[in-house]
Asker: 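If you scroll down you'll find the structure; I have some questions about it.
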Amino acid sequence: MTATGSPAVGVDGRQDFDFLLGRWRVENRKLRDPLDPHNTEWLEFAASAETRPILAGLGNTDAYSAPDFPGRSQFEGLTLRLFDIEARVWRIWWASTAAGGRLDTPVVGRFTDGHGVFECDDVLGGREVKVRYEWLDITPSSARWQQSFAFDGGEAWQTNWNMIWRREA
């Protein structure tokens with residue numbers, strides 16, 4: 001703690017996503033239809049991403065591009081991550097060309113022992129769903145991200161998108 005009683009920079013969590021800054025090659029494995037509980041068809045495709053800091057380190061953005069996304073001529077996404085100093089949590093918003101320019105409901109969470117868990121309640125395809133993002137297996141040159149949905153209030157999570165991030169620069 002500092003003399004003012006606020007957490008010291010770096011201790012409160014605002015640097016948790018510093019590992020992600022830079023350029024990445026991203027290997028994706030995504031369920032074709034994550035809203036269909038019987039769907040078992042996985043799409044595999046490559047993407048690139050570049051993450052940059054904003055607001056003097058209180059957040060970051062990444063631009064995500066998947067030119068070979070199956071069934072689409074183009075797929076681009078944007079992530080906005082902001083650290084709430086008072087609550088000591090991250091809020092993460094996602095927008096993509098598939099969503100027509102809308103920001104998704106933010107997931108909210110933090111890292112504990114190198115594992116980031118971020119969740120929210122949302123409505124997708126007219127169904128109530130809990131959404132979870134996780135960051136795992138973080139090293140200086142790679143990381144793993146996954147998205148899961150639970151349609152039962154959070155009892156049973158089904159992973160529907162995995163990404164392996166490999167640093168380019």
Side-chain angles (χ1 to χ4, degrees), residues 16-52 54 59-82 90-111 114-169:
D16 286 345
F17 277 104
D18 284 2
F19 74 91
L20 200 55
L21 301 177
R23 289 193 319 262
W24 299 84
R25 188 81 184 137
V26 185
E27 301 166 15
N28 295 266
R29 187 168 188 264
K30 183 180 187 306
L31 274 178
R32 179 176 292 279
D33 184 357
L35 301 180
D36 177 356
H38 304 292
N39 178 58
T40 58
E41 182 182 357
W42 289 88
L43 304 173
E44 295 187 11
F45 57 96
S48 61
E50 184 169 0
T51 306
R52 297 175 182 224
I54 59 171
N60 60 67
T61 63
D62 57 48
Y64 173 93
S65 178
D68 298 323
F69 190 97
R72 291 199 172 107
S73 61
Q74 171 184 338
F75 182 79
E76 291 184 25
L78 171 82
T79 308
L80 170 63
R81 298 177 192 88
L82 295 174
W90 284 91
R91 287 186 178 77
I92 305 171
W93 291 263
W94 168 257
S96 73
T97 52
R102 288 180 293 110
L103 280 174
D104 285 351
T105 302
V107 293
V108 180
R110 63 177 46 96
F111 282 83
H115 177 202
V117 178
F118 309 88
E119 296 179 349
C120 74
D121 294 318
D122 207 347
V123 176
L124 301 174
R127 298 175 65 189
E128 291 185 8
V129 61
K130 287 195 171 290
V131 177
R132 177 183 287 167
Y133 293 177
E134 291 182 83
W135 283 98
L136 313 129
D137 306 328
I138 299 165
T139 73
S141 61
S142 66
R144 183 166 57 99
W145 174 89
Q146 66 185 27
Q147 173 181 272
S148 303
F149 292 165
F151 294 98
D152 59 3
E155 294 298 316
W157 291 92
Q158 180 183 16
T159 300
N160 58 60
W161 196 347
N162 289 289
M163 294 182 185
I164 303 296
W165 291 57
R166 299 196 191 285
R167 183 173 300 284
E168 287 187 341

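Predicted model only: the values in this text are computed from it and were never measured.
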Asker: Specify the closest pair of heavy atoms between Pro140 and Arg167, including all atoms of both residues, with the distance to one decimal.
Answerer: O-NE, 2.8 Å
Asker: Between the main-chain N or O of Glu76 and the side-chain N or O of Thr97, is there a donor-acceptor pair closer than 3.5 Å?
Answerer: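 Yes, Thr97 side chain to Glu76 backbone: donor-acceptor pair under 3.5 Å.
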Asker: If the threshold is 4.0 Å, N to carboxylate O, is there a salt bridge linking Arg23 and Glu50?
Answerer: no
Asker: Rounded to the nearest 0.5 Å, what's the gap from CG on Asp62 to CG on Leu21? Could you check?
Answerer: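 If we round to the nearest 0.5 Å, Asp62:CG and Leu21:CG are 10.0 Å apart.
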Asker: Between Arg127 (side chain only) and Phe151 (backbone N and O only), is there a donor and an acceptor less than 3.5 Å apart?
Answerer: no
Asker: Where is the tightest heavy-atom contact between Asn160 and Trp42, given as atom of each residue plus distance?
Answerer: O-CZ3, 3.7 Å
Asker: Would you call Glu27-Arg166 a salt bridge at under 4.0 Å N-O?
Answerer: yes
Asker: Begin with the C-alpha distance, continue with both residues' side-chain angles, and end with the deciding distance and a verdict on side chain to side chain contact (heavy atoms under 4.5 Å, CB included) for Leu31 and Asp36.
Answerer: CA-CA 9 Å; Leu31 274 178; Asp36 177 356; over 6 Å; no
Asker: To the nearest 0.5 Å, what is the distance between OG1 on Thr105 and CD1 on Ile92?
Answerer: 13.5 Å
Asker: Do Tyr133 and Phe17 have ring centroids that are under 6.0 Å from one another?
Answerer: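 Aromatic pair excluded; centres sit 6.0 Å or further apart.
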Asker: Which heavy atom of Val129 sits nearest to which heavy atom of Val123, and what is that distance?
Answerer: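 So the two residues come closest at CG1-N, 4.5 Å.
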Asker: Between the main-chain N or O of Arg81 and the side-chain N or O of Asn60, is there a donor-acceptor pair closer than 3.5 Å?
Answerer: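 No; zero donor-acceptor contacts below 3.5 Å.
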Asker: How long is the straight-line distance from NE2 of His115 back to CG of Leu136, given to the nearest 0.5 Å?
Answerer: 4.0 Å
Asker: Can you pull the side chain to side chain donor-acceptor pair (under 3.5 Å) pairs that have at least one residue in residues 148-159, sequence neighbours excluded?
Answerer: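 Sorted result for residues 148-159: Ser148-Thr159.
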Asker: On a heavy-atom basis, which atom in Ser96 and which in Trp94 lie closest, and how many Å separate them?
Answerer: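 In terms of heavy atoms, the two residues are closest at CB-NE1, 3.8 Å.
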Asker: Where is the tightest heavy-atom contact between Gln147 and Trp145, given as atom of each residue plus distance?
Answerer: CB-CH2, 3.4 Å
Asker: I need the minimum non-hydrogen distance between Asp68 and Phe45, along with the two atoms involved.
Answerer: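 It is O-CB, 3.8 Å.
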Asker: Decide yes or no on side chain to side chain contact (heavy atoms under 4.5 Å, CB included) for Asp121 and Lys130, but give the supporting numbers first.
Answerer: CA-CA 5 Å; Asp121 294 318; Lys130 287 195 171 290; 2.6 Å; yes
Asker: Does Asn28 use its side chain to pair, donor to acceptor, with the backbone of Val26 at less than 3.5 Å?
Answerer: yes
Asker: Are Phe111 and Trp90, when compared by the centres of their aromatic rings, separated by less than 6.0 Å?
Answerer: no
Asker: Quick one: CH2 on Trp165 to OH on Tyr64, what's the gap to the nearest 0.5 Å?
Answerer: 8.0 Å
Asker: Would you check if the side chain of Arg32 reaches a backbone N or O of Asn39 as a donor-acceptor pair within less than 3.5 Å?
Answerer: no
Asker: What distance separates Trp135 CH2 from Leu20 CG, expressed to the nearest 0.5 Å?
Answerer: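 So the gap between those two atoms works out to 4.5 Å.
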Asker: Checking Arg25 side chain against Ala47 main chain: does a donor-acceptor pair fall under 3.5 Å?
Answerer: yes
Asker: For Glu168, does the CD atom have more than 12 heavy-atom neighbours from other residues, nucleotides or ligands under 6.0 Å away?
Answerer: yes
Asker: To the nearest 0.5 Å, how far apart are CZ in Phe118 and CD in Glu134?
Answerer: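 Phe118 atom CZ to Glu134 atom CD measures 9.5 Å (nearest 0.5 Å).
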